[in-house]
Amino acid sequence: MQVKKMTHMAMYASLAVVLSIFESFIPFFDGYTIPGMKLGLANIVILYVLYTYSFKEAFCIALLKVFIVALCRTGLFSFSFYFSLLGSVFSVSAMGFVKRINIFSILGVSIVGSFTHCLGQLFIAYFLLDIHLLSYLPFMLLLSVPTGILTGYMSKKLLMIQK
């Protein structure tokens, strides 16, 4: 990897970490008021990297963000770490797939990422906590649409500025 690209990836990872920690200070989107609900501001960076570089780089940024935020906030191997990890893996994988098949705009890709992040969190809740949260799924998915639109819109604007 070139030094310039490595430097950019480090900056994107740090920006994703800062945005993730910043959003935890927004009262309604702190992850506790509505369990699991966040704006997903770090997804702006991940989408940008997905569209500017590749899936591999976006996946690495997402994983780095999860590990660093866990180290700073809750510690590795806490429940929130597992929720974030699986949600991110589902989300970035789905966004990479949907982008690759090219049927949605960046807004659609972002909404798919938001949906699948919720699915990943509910999946891990079922296995780690043995909680059946199917009644929570429609609520989470409903809230994931506006957050997906927001992060997709901001990523789209960021990509337009770059050009």
Side-chain angles (χ1 to χ4, degrees), residues 9-74 76 78-100 104-125 133 136-162:
M9 291 302 120
M11 288 188 310
Y12 295 137
S14 61
L15 183 57
V17 168
V18 168
L19 288 172
S20 186
I21 291 173
F22 169 76
E23 77 181 355
S24 68
F25 293 113
I26 302 171
F28 186 74
F29 300 104
D30 58 2
Y32 299 105
T33 306
I34 300 173
M37 178 62 187
K38 290 192 148 206
L39 281 172
L41 295 176
N43 285 337
I44 298 167
V45 177
I46 293 164
L47 274 167
Y48 178 82
V49 172
L50 180 64
Y51 275 83
T52 306
Y53 292 93
S54 72
F55 169 76
K56 183 176 91 173
E57 282 86 1
F59 195 81
C60 288
I61 298 294
L63 290 181
L64 274 170
K65 184 228 15 144
V66 168
F67 279 96
I68 294 170
V69 169
L71 283 172
C72 293
R73 304 226 2 119
T74 60
L76 287 177
S78 65
F79 282 123
S80 62
F81 167 73
Y82 291 116
F83 280 85
S84 184
L85 180 63
L86 197 62
S88 292
V89 167
F90 272 44
S91 175
V92 178
S93 298
M95 288 190 301
F97 175 74
V98 171
K99 179 192 176 280
R100 185 179 179 115
F104 292 120
S105 69
I106 192 168
L107 290 174
V109 171
S110 180
I111 292 169
V112 166
S114 187
F115 265 53
T116 53
H117 194 280
C118 293
L119 291 175
Q121 288 181 326
L122 293 176
F123 184 76
I124 198 74
L133 296 172
Y136 195 51
L137 181 63
F139 183 67
M140 290 280 291
L141 294 180
L142 181 67
L143 289 173
S144 69
V145 172
T147 59
I149 290 171
L150 174 71
T151 57
Y153 178 78
M154 294 176 82
S155 299
K156 181 179 177 181
K157 289 296 182 186
L158 190 60
L159 286 166
M160 289 170 57
I161 290 171
Q162 178 207 9

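When a residue number appears, it is its place in the shown sequence, counting from 1.
Looking at every heavy atom in both residues, Tyr12 comes nearest to Val45 through O-CG1, 3.3 Å. Heavy atoms only, all atoms of each residue included: Val109 and Met95 are closest at O-CG, 3.3 Å. The two residues Val92 and Ala62 make their nearest non-hydrogen contact at CG2-CB, 3.5 Å. Pairing each heavy atom of Val145 with each of Phe115, the nearest pair is CG2-CE1, 3.4 Å. Here the closest non-hydrogen pair linking Asn43 and Ser155 is O-OG, 4.1 Å. Minimum heavy-atom separation, Ala42 to Leu19: N-CB, 4.1 Å.
Residue Leu119 holds its CG atom at 9.0 Å from CE of Met140, rounded to the nearest 0.5 Å. Between atom CG of residue Leu64 and atom OG of residue Ser14 there is a gap of 10.0 Å, rounded to the nearest 0.5 Å. To the nearest 0.5 Å, atom CG of residue Leu39 and atom CE of residue Met154 are 9.0 Å apart. To the nearest 0.5 angstrom, Ile124 atom CD1 is 8.5 Å from Phe90 atom CZ. To the nearest 0.5 Å, atoms CG (Leu107) and CG (Leu150) are separated by 10.0 Å. To the nearest 0.5 Å, atoms OH (Tyr153) and CG (Leu158) are separated by 12.5 Å.
Taking the ring centroids of Phe55 and Phe97, they lie at or beyond the 6.0 Å cut-off.
For the pair Tyr53 and Met9, the minimum side-chain heavy-atom distance is below 4.5 Å.
With Tyr51 as the aromatic partner, Arg100 does not meet the cation-pi criteria of under 6.0 angstrom to the ring centre and within 45 degrees of the ring axis.
Not one N or O on the side chain of Ser110 forms a donor-acceptor pair closer than 3.5 Å with the backbone of Ile106. The main-chain N or O of His117 is never found under 3.5 Å from a side-chain atom of Ser91 such that the two would form a donor-acceptor pair. A distance-only check finds a donor-acceptor pair linking the side chain of Thr151 to the backbone of Gly148 [under 3.5 Å]. Side chain of Thr147 to backbone of Ser144: a donor-acceptor contact under 3.5 angstrom is found. Listed for the Glu23 side chain is a donor-acceptor partner under 3.5 Å among the backbone atoms of Gly40. Proximity of a side-chain donor or acceptor of Thr52 to a complementary backbone N or O of Val49 within less than 3.5 Å is not detected. A distance-only check finds a donor-acceptor pair linking the side chain of Thr116 to the backbone of Val112 [under 3.5 Å]. Between the side chain of Ser84 and the main chain of Ser80, no donor-acceptor pair closer than 3.5 Å is present.
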Legend entry - side chain to side chain contact (heavy atoms under 4.5 Å, CB included) evaluation trace for Arg73 with Ser24: CA-CA 10 Å; Arg73 304 226 2 119; Ser24 68; 3.4 Å; yes
Legend entry - Worked check of side chain to side chain contact (heavy atoms under 4.5 Å, CB included) between Val69 and Phe81: CA-CA 9 Å; Val69 169; Phe81 167 73; over 6 Å; no
Inset, instruction - Please assess Phe59 against Leu63 for the test side chain to side chain contact (heavy atoms under 4.5 Å, CB included), listing each intermediate value before the final yes or no. - result: CA-CA 6 Å; Phe59 195 81; Leu63 290 181; 3.3 Å; yes
